[in-house]
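Quick notes on the structure that follows.
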2 protein chains.
Amino acid sequence: MKSGESGTDAPEPPAKRRRDAGATREAILRSAVAAFTRHGYDGVGVREIARDAGVTAMLINRYFGSKEQLFAEAVDTAFAPRTVVSGEAGTLGRDTALTLVARTASGADRLDPFLLMLRSAGSPRAAEIVRTGVERHVGRDLAARLPGPGADERAELLLSVLAGVWLMRKVLGTQALAGADPAELAGRIEALFEPLVSPPEAASTQD
Amino acid sequence: MKSGESGTDAPEPPAKRRRDAGATREAILRSAVAAFTRHGYDGVGVREIARDAGVTAMLINRYFGSKEQLFAEAVDTAFAPRTVVSGEAGTLGRDTALTLVARTASGADRLDPFLLMLRSAGSPRAAEIVRTGVERHVGRDLAARLPGPGADERAELLLSVLAGVWLMRKVLGTQALAGADPAELAGRIEALFEPLVSPPEAASTQD
DNA sequence: ACGCTATGTCTACGACTGTATACATGCCCC
DNA sequence: GGGGCATGTATACAGTCGTAGACATAGCGT
């Protein structure tokens, strides 16, 4: 009955791991990150995650306690090592815009934490977990890079723009944004970032 | 057995409607809009929608065919009459920013279509339905109000910012944005809208 | 007033969910 | 090389899901 290894999503053959708790845990975690990113917290079951990891569903509960705790670790894994914004303070706006446009390009189907966030935001528990993950990992070090007062608020506004573009381009796939010219779109988004990355010296609501 | 009318969410007592297909359909639709907005497409079952409408679940299938088609009508209902951006061309940025901050304020729990969109974006079918709804209803007439070239792209970017702020403030509830000073936040968001609502005369990627 | 049809309900089904309990087996250590 | 424990599997359970089919009743037309 184990002839079902021709899964549509699993890239690797079963490969009969040696009994190794650490490696198995890690395999489950990687499978969970991929599955939650592609289908969201509610859209994937523990059996599917386990199958792609080459184990049975019960090992998830043994190693992580529950689906919810697995999700929490998956969120940490997905957000922790990523540098959501690249570049120094001076070129931060442009670099972030270029990276965003490249990662949300039509062909790319990168497993980005923003996808995990957006596709899991519907479930209240998942949203709470994602919120803490975003605040601890991304928001904090992003705010540290922004000079001037109100850095926390501006950092989260920048994340809002990033999330919004991810939503429209990749999750929903609206026409104008999904099919936009990359260079032009990057320019527009860079202009959006401008008032966020530059310190708000005297630039308030003047018109 | 019909003594269960003390529902936690249903604001109205059962009120024994007269047999009226139109009124019942509308009651189901209103209940669906509220439920989908609060819990997202995957987060609510047809029985819950039906209960809040005062009917049984099967009437949903009789009147709408399926949960998915009910969702499609709910999306239309939620997006169609709303004016997502208010104000004339000159004050559009400021008005939209003020409206956004007010609607995403801490106390307000308005049934906004942006919540429906964000909380349902996880399901692929729901995302597709939402995409068409956003494009047909909101994106089109918003683009018509923006002067200058690339109006479609700028309109969807504006929607991206709106969605992002909704996400962070209300769906996730991140601290810096959820607890921000309204006037200050409105000012920052208005500055974000500036390059989108004003025509991009010669402002391209120059540095 | 009566019957027919629109309107609404009841029951049930198969599939899927997360997880608890019981069982099997590979591997390390003595 | 064999006991013992860590590692992994199999089965089952209670619940929910969307929806199909049979049944009940209210109300209008004649």
Side-chain angles (χ1 to χ4, degrees), chain A residues 1-5 7 14-29 31-32 35-36 39-74 120 122-126 129, chain B residues 1-5 7 9 14-32 35-36 39-74 120 122-126 129:
Chain A
M1 287 297 261
K2 57 182 54 175
S3 62
E5 69 268 16
K16 263 309 180 190
R17 236 188 332 276
R18 251 177 83 88
R19 289 203 168 189
D20 182 345
T24 300
R25 225 191 97 104
E26 204 167 334
I28 293 175
L29 194 51
S31 172
F36 285 139
H39 310 113
Y41 180 75
D42 280 337
V44 67
V46 291
R47 287 169 177 83
E48 181 179 348
I49 296 175
R51 181 171 43 78
D52 286 0
V55 296
T56 54
M58 277 316 298
L59 277 197
I60 288 182
N61 275 27
R62 196 199 292 282
Y63 284 141
F64 296 90
S66 67
K67 181 190 181 185
E68 189 172 323
Q69 291 175 262
L70 170 62
F71 181 74
E73 282 214 36
S120 302
S123 167
R125 301 189 193 177
I129 293 169
Chain B
M1 288 297 261
K2 55 184 58 173
S3 64
E5 69 267 16
D9 277 324
K16 262 309 180 190
R17 235 188 332 276
R18 254 177 82 88
R19 289 203 169 187
D20 181 346
T24 300
R25 226 190 96 104
E26 203 167 336
I28 293 175
L29 194 53
R30 277 192 289 109
S31 171
F36 286 138
H39 310 113
Y41 181 75
D42 280 337
V44 67
V46 291
R47 286 170 177 83
E48 182 180 346
I49 297 174
R51 181 170 44 76
D52 286 359
V55 296
T56 54
M58 276 316 298
L59 275 198
I60 288 182
N61 275 20
R62 195 198 292 281
Y63 284 142
F64 297 90
S66 68
K67 181 191 181 185
E68 191 173 320
Q69 292 176 263
L70 170 62
F71 180 74
E73 283 215 34
S120 302
S123 168
R125 302 188 193 178
I129 292 169

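Chain letters run A, B, ... following the sequence lines, proteins first and then strands; every chain starts at 1.
Side-chain atoms of B/S31 never come within 3.5 Å of backbone atoms of B/A27 as a donor-acceptor pair (strictly under, hydrogens ignored).
Looking at residues two or more places apart in sequence or on another chain, you find a side chain to side chain contact (heavy atoms under 4.5 Å, CB included) between A/N61 and A/M58. Residues that satisfy the side chain to side chain donor-acceptor pair (under 3.5 Å) test with A/E68, not counting sequence neighbours, are A/R125. With sequence neighbours excluded, the residues forming a side chain to side chain contact (heavy atoms under 4.5 Å, CB included) with B/A72 are B/I129, listed by chain and number.
For A/I49 and C/dC16, the CD1 to P distance is 16 Å, given to the nearest whole Å. Taking atom CG on A/L59 and atom C1' on D/dA10, their separation rounds to 12 Å, with Å as the unit. In this entry the distance linking CD of A/E26 with C1' of D/dT7 reads 17 Å, nearest Å. For the pair A/R19 CZ and C/dC29 P, the interatomic distance rounds to 16 Å; values are reported in whole Å. The distance from atom CZ of A/R51 to atom P of C/dT17 is 10 Å, rounded to the nearest whole Å.
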Fill in the blank from the handout: A correct 5'-to-3' footprint of nucleotides 17-22 of chain D, with B, S and - meaning base, sugar-phosphate only and no protein heavy atom under 4.0 Å, is BBBBB-
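The shortest distance between the side-chain N/O atoms of A/T24 and the OP1/OP2 oxygens of D/dT7 is not below 4.0 Å.
Sorted by first and then second residue, the ring pair (Phe, Tyr, Trp, His ring centres under 6.0 Å) pairs involving residues 41-63 of chain A (not counting sequence neighbours) are A/F36-A/Y41, A/Y41-A/F71.
Rounding to the nearest 0.5 Å gives a distance of 9.5 Å between CD of B/E26 and CG of B/D20.
B/F64 comes within 4.0 angstrom of nothing in the nucleic acid, heavy atoms only.
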